[in-house]
Amino acid sequence: MKIVTRYLLLVICLLLLANISYADDTAINKLRDNALSYFTPLKGKITSINGKIATIDLGTKSHIKPGMRVTVFREGAPFIHPVTKEPLGRVETHVGRAEVREVGPDTSALVILKGDVREGDKVRISETKVRMLFYQGKGVDWYLSDSYYRSLKETGRFELVDTAMETDDDARIIAEAKRLNADAVLILSANESGKDTLLKQRLFWVDDSMKFAEDEINVAVAFVKELKFGEEFFSPQKGDVWLYFDLPFGVRFIATGDLDGDGKQELLMSTGKDVRVYVPGVDLQPSLGGVEIKGSATDDHLWLDTIDLNGNGRDEVIVTSMKDGDVVSYIYELKGPEFSLLWKGKFFLRRIGNELIAQEYDPGQGFIGDVFNIVWNGEYKKGSNVKLPKGVNIYDYVYIGEPGGGRSILAYDDTGYLNLYDDRGIKIWRSKEDYGGFITTFKRTAPTVMVERGEWAIKDRLFLRNREALIVKRIPIVGMARGIGYKSSQIKNLWWTGLSMEEGTLIDNINGGILDYALAGDRLIVLSRPPFGIKPKNILKGENPLGSVLYIYSLKGR
């Protein structure tokens with residue numbers, strides 16, 4: 001009886017979700033159909049030419065529209081069958097390219113873009129697939145983007161091309177499309193509009209960067225939640241590893257950034273003393289000629305980040321280290337074949353969003369004083385203080401958006417629980433359990449060994465991805481005995497609805513304890529240490545058993 005009841009409840013939920021999504025499905029289909037309409041196959045003939053303007057024998061009934069681009073052909077000599085001598089057609093020569101400017105009932109006007117076009121030439125949009133770069137902006141929810149991507153792909157009209165480039169510069173996106181031999185570019189972007197998402201698509205021709213279409217639709221939050229529900233309920237491949245690397249050396253922190261300004265992300269790995277740079281591809285090769293940031297024997301890295309604070313198109317590298325009993329942070333930038341030190345200071349540093357923040361260190365407390373901004377004004381300077389709830393420090397928090405606007409703060413406390421504060425600093429939610437403790441901890445100094453003052457910790461990274469906060473959860477090998485090690489870890493995702501916190505599992509069953517993780521476009525890069533901190537197979541092979549493991553997961557469609 002219980003099974004039947006649950007089945008009926010599931011059916012009811014699916015029917016309710018179907019009713020919620022109907023309008024949004026229609027809107028997304030309308031977006032797709034409008035993009036598709038510029039590539040409708042057609043054939044016509046040029047009936048007259050006046051300078052750069054040509055008239056063709058196609059009108060509204062042929063579904064022709066302004067912005068379409070046609071290829072112009074000229075018929076040549078007849079093509080004769082070599083045996084039967086029967087005419088099979090005529091040889092066609094490509095002679096030009098034209099764009100539709102005005103459409104009438106029976107004729108349309110084209111502007112000739114290039115070529116020697118004549119009266120009597122044929123125009124055509126062929127039935128072969130259009131090679132188009134699909135570029136998803138940073139603010140677009142992956143579930144929504146993937147749903148639209150699949151919708152376009154299922155039409156069979158497009159050969160969709162992806163890129164790992166991350167930029168808001170249209171010119172760079174179009175240049176990337178040209179490099180990938182695409183004919184057109186679709187740029188998808190999103191903005192929050194109350195409780196809805198305003199989804200916008202813009203279409204460009206690659207050869208001359210001309211925008212030929214722009215459309216917007218409103219998508220309800222409930223529809224995005226439905227997409228996520230469907231993905232979680234029906235997809236058994238959710239936690240599959242895309243790439244796996246058994247690193248031959250110990251790594252403690254990772255970060256990604258565009259260090260040389262080419263629009264592609266490099267992967268930075270900290271050994272605790274040095275920072276090495278790699279290409280996060282299928283073979284994990286050293287990048288930028290093998291250049292490194294070399295530390296000293298007394299360095300013990302606490303944090304690694306990247307940010308383009310000085311706005312020159314190349315990310316600076318942010319390193320915070322415990323050195324000779326003090327906390328010191330460094331800002332480096334790639335200049336030519338090596339990294340150059342731009343700034344050094346006795347603060348903790350961290351990137352949050354597009355800002356660089358800092359906080360002072362005290363041996364007895366760990367973190368002390370207000371968190372404040374570091375700004376660039378020809379040099380790195382101290383900016384204004386950051387308003388945070390009492391007890392929230394530099395590595396504890398991330399901002400999350402409210403469904404109706406506004407911004408709340410999700411923050412760890414010292415016991416490993418998560419707390420949500422509204423914009424007034426009032427706690428409105430606390431997690432039911434902690435998330436497995438932290439890897440980097442220090443004892444607070446005390447005047448005598450008889451006094452125990454507890455610990456302070458460098459908390460785990462908190463990422464914001466499409467209004468969801470990503471969280472690390474570690475599962476100890478034995479109950480609450482975390483000192484022995486972790487048998488597995490998860491990447492959880494938290495979504496604040498405005499009334500309650502919803503929790504999901506983005507990646508499950510990661511072997512061992514997660515040390516650090518990073519996002520690079522639609523890839524999640526996870527650094528993990530095996531259970532008990534060793535790799536037994538490496539001991540048998542005579543290899544270093546203390547290395548780390550790097551997993552790369554594809555988040556496309558999740």
Novice: With a 4.0 Å cut-off, would you call R424 and D422 a salt bridge?
Specialist: yes
Novice: Could I get the full list of salt bridge (charged side-chain N to carboxylate O under 4.0 Å, His left out) partners for D169, not counting sequence neighbours?
Specialist: none
Novice: P41: what forms a side-chain contact (heavy atoms from CB on, under 4.5 Å) with it, not counting sequence neighbours?
Specialist: E127, R157
Novice: List for me each residue that meets side chain to side chain donor-acceptor pair (under 3.5 Å) alongside K211, sequence neighbours excluded, and say none if there are none.
Specialist: E214
Novice: Once side chain to side chain donor-acceptor pair (under 3.5 Å) is applied, do any residues pair with S108, and if so which ones, sequence neighbours excluded?
Specialist: none
Novice: Under 3.5 Å, is there a donor on one side chain and an acceptor on the other for H301 and S270?
Specialist: yes
Novice: With sequence neighbours left out, write down each residue that passes salt bridge (charged side-chain N to carboxylate O under 4.0 Å, His left out) with D315, or none if nothing qualifies.
Specialist: none
Novice: With sequence neighbours excluded, tell me which residues meet side chain to side chain donor-acceptor pair (under 3.5 Å) with S151.
Specialist: R32
Novice: Are R523 and T256 linked by a side-chain donor-acceptor pair shorter than 3.5 Å?
Specialist: no
Novice: In chain order, what residues pass the side chain to side chain donor-acceptor pair (under 3.5 Å) check against Y380, with sequence neighbours excluded?
Specialist: E316
Novice: Do side-chain atoms of Y421 reach the backbone of L388 as a donor and acceptor pair under 3.5 angstrom?
Specialist: no
Novice: Any carboxylate oxygen within less than 4.0 angstrom of a Lys/Arg side-chain nitrogen, looking at K459 and D414?
Specialist: yes
Novice: Could you check whether the rings of Y38 and F212 sit parallel, tilted or perpendicular, using 30° and 60° as the cut-offs?
Specialist: perpendicular
Novice: For R350, is there an ion pair with D305 - N to carboxylate O distance below 4.0 angstrom?
Specialist: no
Novice: Parallel under 30°, tilted from 30 to 60°, perpendicular over 60°: which one fits the rings of F39 and W205?
Specialist: perpendicular
Novice: Under the salt bridge (charged side-chain N to carboxylate O under 4.0 Å, His left out) rule, collect the residues that match up with E433, sequence neighbours excluded.
Specialist: K473
Novice: Go through the structure and list residues passing salt bridge (charged side-chain N to carboxylate O under 4.0 Å, His left out) with R69, not counting sequence neighbours.
Specialist: E99, D207, D208
Novice: Please identify each residue that fulfils side-chain contact (heavy atoms from CB on, under 4.5 Å) with S37, with sequence neighbours left out.
Specialist: N34, K65
Novice: Return the set of residues passing ring-ring contact (aromatic ring centres under 6.0 Å, His included) with F372 (not counting sequence neighbours), or none when no residue passes.
Specialist: F347
Novice: Of the options R131, K129, K153, which is the one that meets E159 in a side chain to side chain donor-acceptor pair (under 3.5 Å)?
Specialist: R131
Novice: Apply ring-ring contact (aromatic ring centres under 6.0 Å, His included) to F463 and list each qualifying residue two or more places apart in sequence or on a separate chain.
Specialist: Y517
